[in-house]
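What follows is a set of notes on a single structure, which appears directly below.
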Amino acid sequence: QVELVESGGGMAQAGGSLRVSCAASGLIVNVYTMAWFRQAPGKEREFVAAVRRSDGSQYYANSVKGRFTISGDNAKNTVSLQMNSLKPEDTAVYYCTARRSPGVFMTTNFYELWGQGTQVTVSS
């Protein structure tokens, strides 16, 4: 069984930076894609970024493209999200997720494994 544990996050002012990380433990050999989603109060969980473990290909939501960078370290079984130029609308709980079969998708139903989430709050 694979377990995902997030760390990082916290509070920042608009224009600032934060980093969230996710450590995967367990049978990670069959994890093909790792991603970050976020959920703001009263809103649905939305895709933020994903990385394909086989070749490091990165995918981003338009709302974060150019500001956020996802990176994966297969040796350490971690994935991180560097968030720069933060905006108040980036405020949300950020969830790490993993997919056990090939493909990169931007909807929650394609991901089987989820972390507990970490809060990111951006003040104006």
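Nearest heavy atoms, Val31 versus Ala98: CG1-CB, 3.8 Å. Pairing each heavy atom of Leu4 with each of Cys96, the nearest pair is CD1-O, 3.7 Å. Taking both residues in full, the closest heavy atoms of Trp36 and Val79 are given as CZ2-O, 3.7 Å, listed atom of the first, atom of the second, then distance.
To the nearest 0.5 angstrom, Ser123 atom OG is 10.0 Å from Leu86 atom CG. Within the model, atoms OG1 of Thr33 and CG of Leu113 stand 11.5 Å from one another, a figure rounded to the nearest 0.5 Å.
With sequence neighbours left out, Gln58 forms a side chain to side chain donor-acceptor pair (under 3.5 Å) with Tyr60. A search for ring-ring contact (aromatic ring centres under 6.0 Å, His included) contacts involving Phe68 returns nothing, not counting sequence neighbours. A search for side chain to side chain donor-acceptor pair (under 3.5 Å) contacts involving Asp90 returns Arg38, Arg67, not counting sequence neighbours. For Thr91, there are no side chain to side chain donor-acceptor pair (under 3.5 Å) partners two or more places apart in sequence or in a different chain. Applying the salt bridge (charged side-chain N to carboxylate O under 4.0 Å, His left out) rule to Arg52 yields the partners Asp55; only residues at least two apart in sequence or on another chain are considered. Not counting sequence neighbours, the partners of Arg53 by the side chain to side chain donor-acceptor pair (under 3.5 Å) test are Asn74, Asn77.
A side-chain N or O of Ser101 and one of Arg99 form a donor-acceptor pair less than 3.5 Å apart.
Judged as a disulfide bond (SG atoms under 2.5 Å apart), not a single pair has a partner in residues 55-91 (not counting sequence neighbours). Residue pairs that meet the salt bridge (charged side-chain N to carboxylate O under 4.0 Å, His left out) test with at least one member in residues 68-87, sequence neighbours left out, do not exist here. Within the structure, salt bridge (charged side-chain N to carboxylate O under 4.0 Å, His left out) contacts touching residues 4-17 (residues at least two apart or in different chains) do not occur.
Side-chain atoms of Thr118 come within 3.5 Å of backbone N or O of Gly8 as a donor-acceptor pair.
At a threshold of 4.5 Å between side-chain heavy atoms, the hydrophobic network of Ile, Leu, Val, Met, Phe, Trp and Tyr places Val64 and Val51 in one connected group.
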Q.
Run Leu81 and Val48 through side-chain contact (heavy atoms from CB on, under 4.5 Å) and show every step you take.
A. CA-CA 9 Å; Leu81 185 69; Val48 176; 4.0 Å; yes
Pairs of donor and acceptor atoms involving the side chains of residues 104-112, under 3.5 Å and at least two apart or interchain, shall be tabulated with distances.
unit_1, atom_1, unit_2, atom_2, d
Thr107, OG1, Asn109, OD1, 3.0
Tyr111, OH, Phe105, N, 3.3
Tyr111, OH, Phe105, O, 2.6
Glu112, OE1, Arg100, N, 2.9

Using atom types as modelled, flag every donor-acceptor pair under 3.5 Å from a side chain in residues 13-29 to any protein atom, sequence neighbours excluded.
unit_1, atom_1, unit_2, atom_2, d
Ser17, OG, Asn84, OD1, 2.8
Arg19, NH1, Gln82, OE1, 3.2
Ser21, OG, Ser80, OG, 3.0

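Separation of the Tyr95 and Phe37 ring centroids does not fall under the 6.0 Å cut-off.
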